[in-house]
Amino acid sequence: MLPYNTFGLDVQAEYFAEARTADDLRHILRQAPKPWLILGGGSNIVFARDVPGTVIKNSLRGIHPAGESADTLRLKVGAGEVWHHLVQHCVANDLGGLENLSLIPGTVGAAPIQNIGAYGVELKDSLVEVEALDLDDLDAPLRTFSREDCRFGYRDSIFKREAKGRYCITAVTFALSRSGHHRLNTSYGDIQRTLADMQVQSPSIADISRAVVRIRSSKLPDPAVLGNCGSFFKNPEVERSVLERVQSTHPQAPHYDLPDGRVKIPAGWLIEQCGWKGKRMGNVGSYEKQALVLVNHGGATGDEVWALAQAIMNSVAARFGIQLEPEVNVYR
Ligand code: FAD
Ligand code: NAP
């Protein structure tokens with residue numbers, strides 16, 4: 001599985017197949033030994049052991065118009081399309097909605113699984129519906145999930161909970177805004193600072209995408225050089241009383257108000273306060289520029305990654321009384 005996971009974990013799959021169409025997918029599944037694991041770009045999965053049964057790489061491609069109105073254009077996109085290719089397609093056609101999500105690795109079909117998000121924008125903001133094959137009933141017609149059906153939350157959806165492992169997403173439909181009808185989101189400080197550095201005063205959709213690409217390229221490790229899965233943990237969303245307890249010892253603790261009255265505390269800050277930033281444990285470590293990203297310094301095993309993740313979770317819990325939750329899918 002080495003070429004198929006961005007953490008660079010060298011595990012074996014018992015069987016492996018690649019599906020390019022929905023029919024192909026059904027055909028493969030009718031013969032493939034179970035259990036089945038549907039894989040996209042492997043950028044949000046940590047293989048802590050060999051994989052029994054069959055890994056099926058989803059390579060269903062295609063970006064097709066699927067309706068329009070005066071201010072929006074709908075696109076139906078194959079689940080195996082590379083996410084950033086879709087973003088580039090939208091930016092090139094002056095379609096707004098996905099520009100803050102530029103350069104996120106992985107495929108379109110995996111994006112709804114954790115409702116990918118960055119710089120104040122989430123997938124759910126542009127998503128219309130998800131089409132999926134029911135893995136328990138290969139003869140049934142493809143099922144359509146509306147945005148409400150997907151029960152999106154912060155880096156969360158029905159596909160990570162009740163429907164975990166039950167469906168293979170085959171396509172996702174988006175509603176993108178035509179440029180004159182689009183409200184850009186520049187709420188994150190890094191975007192504002194980068195646009196200022198780029199001397200852009202009235203940003204376009206393409207400017208936001210360029211700014212995000214510039215920030216991400218300077219701040220995040222390139223998986224081709226240093227294996228990683230992006231943010232390893234979710235940012236904890238806690239009651240205000242928890243923040244007040246943290247502030248009693250750390251008055252400068254960063255935090256962001258949530259609509260429901262709770263607050264989000266950046267997990268990267270909590271991990272950094274516990275002394276993990278840039279630290280190494282065997283072949284794995286916390287990235288020197290962003291403590292929330294765990295990296296493979298070469299030859300790491302899944303056990304090493306999980307041991308580091310647990311050590312970090314334990315020290316954050318001991319120091320702040322906050323239980324971190326992995327954002328990545330750990331295959332154990
Ligand atoms: P995979 O890792 O292949 O799969 C992830 C999970 O989804 C697995 O459980 C898999 O079984 C399941 N799955 C995949 N495809 C399908 C399908 N078609 N149907 C059903 N199940 C499926 N995430 C963010 O939200 N925001 C970010 O800003 C961000 N930045 C990142 C930066 C870096 C450098 C890296 C390495 C990762 C980052 N991520 C980010 C995480 C990751 O890129 C996203 O979660 C992405 O959507 C994963 O896509 P993938 O195709 O690689 O999924
Ligand atoms: P950052 O800008 O240094 O900010 C640290 C954290 O504070 C972020 O996680 C973000 O939460 C939160 N934050 C910052 N400004 C905010 C604002 N104006 N309003 C609300 N919350 C705010 O973070 P970063 O590490 O460089 O990442 C930048 C963005 O890319 C973030 O949105 C992050 O989620 C995303 N990203 C995600 C991954 C991943 O694998 N999931 C990897 C890299 C980057 P949120 O995370 O909730 O936005």
Side-chain angles (χ1 to χ4, degrees), residues 1 4-8 19 25 36-47 51 55-60 78-84 100-123 130-133 135 154-157 159-160 163-172 185-194 212 215-237 254-258 263-270 272 287 289-295 327-331:
M1 294 303 297
Y4 300 105
N5 73 100
T6 63
F7 214 100
L25 179 63
W36 300 328
L37 174 69
I38 309 295
L39 193 68
S43 66
N44 205 20
I45 191 160
V46 165
F47 290 114
V51 189
V55 171
I56 298 120
K57 181 163 167 56
N58 187 317
S59 295
L60 278 63
E81 277 292 337
V82 171
W83 173 261
H84 187 60
N100 291 47
L101 306 177
S102 296
L103 217 58
I104 295 181
T107 55
V108 167
I113 307 279
Q114 74 156 8
N115 180 25
I116 58 168
Y119 302 102
V121 170
E122 291 180 322
L123 177 86
V130 168
E131 182 193 86
L133 177 67
L135 298 176
Y154 178 64
R155 307 287 189 270
D156 196 27
S157 76
F159 304 108
K160 264 187 139 174
K164 190 174 163 71
R166 166 87 189 262
Y167 295 94
C168 175
I169 294 176
T170 49
V172 182
N185 185 325
T186 56
S187 57
Y188 275 45
D190 266 357
I191 292 199
Q192 291 166 15
R193 281 186 288 277
T194 306
V212 170
I215 303 164
R216 296 183 75 103
S217 310
S218 70
K219 226 175 166 180
L220 290 169
D222 177 355
V225 180
L226 203 54
N228 75 93
C229 272
S231 306
F232 202 93
F233 304 99
K234 291 184 190 180
N235 290 316
E237 299 184 320
H255 58 279
Y256 298 92
D257 291 336
L258 298 169
V263 286
K264 175 175 70 179
I265 304 181
W269 180 83
L270 294 167
E272 193 176 341
Y287 187 50
K289 293 187 195 170
Q290 167 51 291
L292 186 52
V293 178
L294 304 191
V295 294
E327 178 179 302
V328 300
N329 300 280
V330 181
Y331 189 88

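Atoms considered below: every heavy atom in the structure, side chains included; atoms not considered: hydrogens, waters and symmetry mates. When a ligand or atom number is given, it counts from 1 through the structure's own listing order. Computed from a prediction, not measured in an experiment: that's the story for all the values here.
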Does Ala118, backbone or side chain, put an N or O under 3.5 Å from an N or O of ligand 1? no
With heavy-atom distances below 4.0 Å as the criterion, list the atoms of ligand 1 near Ile104. 26 (N), 27 (C), 28 (O), 29 (C), 40 (C), 43 (O)
Closest non-hydrogen contact found for Glu327 with Asn44 is O-ND2, 4.0 Å
Which protein heavy atom lies closest to atom 7 (O) of ligand 1, and at what distance to 0.1 Å? Ile113 CG1, 3.6 Å
Could you walk me through whether Asn58 and Ile169 satisfy the side chain to side chain contact (heavy atoms under 4.5 Å, CB included) test, starting with their C-alpha distance in whole Å, then the side-chain angles of each, then the deciding distance to 0.1 Å, before giving a yes or no? CA-CA 9 Å; Asn58 187 317; Ile169 294 176; 5.7 Å; no
Would Gly42 count as a polar contact of ligand 1, with the cut-off being nitrogen or oxygen pairs under 3.5 Å? yes
Approximate separation, where rounding is to 0.5 Å, of Phe47 CZ and Asn329 CG: 9.5 Å
Considering only non-hydrogen protein atoms, determine which one is nearest to atom 2 (O) of ligand 1 and report residue, atom name and distance to 0.1 Å. Asn44 N, 2.8 Å
Give a yes or no answer on whether the side chain of Trp83 reaches the backbone of Ala110 with a donor-acceptor pair at less than 3.5 Å. no
Please write down residue, atom name and distance for the protein heavy atom closest to atom 14 (C) of ligand 1. Ala110 CB, 3.6 Å
Less than 3.5 Å between some nitrogen or oxygen of Ile169 and one of ligand 1, yes or no? yes
Given side chain to side chain contact (heavy atoms under 4.5 Å, CB included), test Ile45 with Cys229 step by step and report yes or no. CA-CA 7 Å; Ile45 191 160; Cys229 272; 5.9 Å; no
Are any side-chain N or O atoms of Asn185 and backbone N or O atoms of Gly120, one a donor and one an acceptor, separated by less than 3.5 Å? yes
Heteroatom proximity flag, Thr6 to ligand 1, N/O under 3.5 Å: no
With nothing but distance in play, are any N or O atoms of Cys168 less than 3.5 Å from an N or O of ligand 1? no
Can you produce the list of protein nitrogen or oxygen atoms under 3.5 Å from a nitrogen or oxygen of ligand 2, alongside each distance?
unit_1: ligand 2; atom_1: 3 (O); unit_2: Lys219; atom_2: NZ; d: 3.1
unit_1: ligand 2; atom_1: 9 (O); unit_2: Asn235; atom_2: ND2; d: 2.8
unit_1: ligand 2; atom_1: 11 (O); unit_2: Asn235; atom_2: ND2; d: 3.3
unit_1: ligand 2; atom_1: 11 (O); unit_2: Lys264; atom_2: NZ; d: 3.0
unit_1: ligand 2; atom_1: 15 (N); unit_2: Tyr256; atom_2: OH; d: 3.3
unit_1: ligand 2; atom_1: 21 (N); unit_2: Tyr188; atom_2: OH; d: 3.1
unit_1: ligand 2; atom_1: 21 (N); unit_2: Lys264; atom_2: NZ; d: 3.0
unit_1: ligand 2; atom_1: 25 (O); unit_2: Gln290; atom_2: NE2; d: 2.5
unit_1: ligand 2; atom_1: 26 (O); unit_2: Lys219; atom_2: NZ; d: 2.7
unit_1: ligand 2; atom_1: 32 (O); unit_2: Tyr119; atom_2: N; d: 2.9
unit_1: ligand 2; atom_1: 34 (O); unit_2: Arg155; atom_2: NH2; d: 2.7
unit_1: ligand 2; atom_1: 40 (O); unit_2: Ser231; atom_2: N; d: 2.8
unit_1: ligand 2; atom_1: 40 (O); unit_2: Ser231; atom_2: OG; d: 3.4
unit_1: ligand 2; atom_1: 41 (N); unit_2: Glu327; atom_2: OE2; d: 2.6
unit_1: ligand 2; atom_1: 46 (O); unit_2: Tyr154; atom_2: OH; d: 3.4
unit_1: ligand 2; atom_1: 46 (O); unit_2: Arg155; atom_2: NH2; d: 3.4
unit_1: ligand 2; atom_1: 46 (O); unit_2: Asn235; atom_2: ND2; d: 2.9
unit_1: ligand 2; atom_1: 47 (O); unit_2: Tyr154; atom_2: OH; d: 2.8
unit_1: ligand 2; atom_1: 47 (O); unit_2: Lys264; atom_2: NZ; d: 2.6
unit_1: ligand 2; atom_1: 48 (O); unit_2: Tyr188; atom_2: OH; d: 2.6

Among all protein heavy atoms in this structure, tell me which lies nearest to atom 20 (C) of ligand 1, with the distance rounded to 0.1 Å. Tyr167 O, 3.4 Å
To the nearest 0.1 Å, how far is atom 10 (C) of ligand 1 from its closest protein heavy atom, and which atom is that? Ile38 O, 3.1 Å
Atom of Met1, atom of Asn5 and distance for their closest heavy-atom approach: O-ND2, 2.9 Å
Within the 4.0 Å heavy-atom shell around Leu37, which atoms of ligand 1 are there? 11 (O)
Nearest to atom 46 (C) of ligand 1, what protein heavy atom do you find, and at what distance? Pro105 O, 3.5 Å
Would a distance-only check, ignoring hydrogens and angles, find a side-chain to backbone donor-acceptor pair under 3.5 Å from Lys264 to His255? no
Asn235 side chain to Ala267 main-chain N or O, any donor-acceptor pair under 3.5 Å? yes
Scanning both residues in full, the closest heavy-atom pair of Ile113 with Ser157 reads O-OG, 2.7 Å
Short N/O distance, under 3.5 Å, between Arg216 and ligand 1? yes
I would like to know whether Leu25 and Cys168 meet side chain to side chain contact (heavy atoms under 4.5 Å, CB included); could you show each step before the answer? CA-CA 9 Å; Leu25 179 63; Cys168 175; 3.6 Å; yes
Okay, side chain of Gln114, backbone of Lys160: is any donor-acceptor separation there less than 3.5 Å? no
Please report the shortest heavy-atom distance between Gly42 and Leu39, naming the atom on each side. CA-CD1, 4.0 Å
Where's the contact between Asn329 and ligand 1, heavy-atom distance under 4.0 Å: side chain, backbone, both or neither? side chain
Which residues share a ring-ring contact (aromatic ring centres under 6.0 Å, His included) with Phe159, sequence neighbours left out: Phe145
Please work out, at 4.0 Å between heavy atoms, whether the side chain, the backbone, both, or neither of Ser231 comes within that distance of ligand 1. neither
Report, in ascending order of atom number, the atoms of ligand 1 lying under 4.0 Å from any heavy atom of Gly117. 24 (C), 25 (O), 26 (N), 27 (C), 28 (O)
Residue Thr107 vicinity, atoms of ligand 1 by number, heavy atom under 4.0 Å: 49 (O), 50 (P), 51 (O)
Do any nitrogen or oxygen atoms of Gly41 come within less than 3.5 Å of a nitrogen or oxygen of ligand 1? yes
Please find the pair of heavy atoms, one from Ala79 and one from Thr107, that lie closest to each other, and give the distance. O-CB, 3.3 Å
Between Tyr119 and Val212, is the side chain to side chain contact (heavy atoms under 4.5 Å, CB included) condition met? List the steps. CA-CA 8 Å; Tyr119 302 102; Val212 170; 3.9 Å; yes
Closer than 4.0 Å to some heavy atom of Gly106 - which atoms of ligand 1 meet that? 49 (O), 50 (P), 51 (O), 52 (O)
For ligand 1 and Asn228, I'd like to know whether there is a polar contact (N/O to N/O, distance under 3.5 Å). no
CG of Leu220 to OH of Tyr287, rounded to nearest 0.5 Å, is 7.5 Å
Among protein heavy atoms, which sits nearest to atom 24 (C) of ligand 1, and what does the distance come to when rounded to 0.1 Å? Gln114 NE2, 3.4 Å
Just jot down the ligand 1 atoms closer than 4.0 angstrom to any heavy atom of Leu39, in number order. 3 (O)
How far is atom 47 (O) of ligand 1 from its nearest protein heavy atom, and which residue and atom name does that atom have? Ile116 CG2, 3.2 Å
Report the C-alpha separation of Glu131 and Thr170 in whole Å, then their side-chain angles, then the decisive distance to 0.1 Å, and conclude whether the side-chain hydrogen bond (donor to acceptor under 3.5 Å, both in side chains) test is met. CA-CA 6 Å; Glu131 182 193 86; Thr170 49; 2.8 Å; yes
Pick, from Pro223, Ala19, Ser43, Gly40, the option with the minimum heavy-atom distance to atom 52 (O) of ligand 1. Ser43
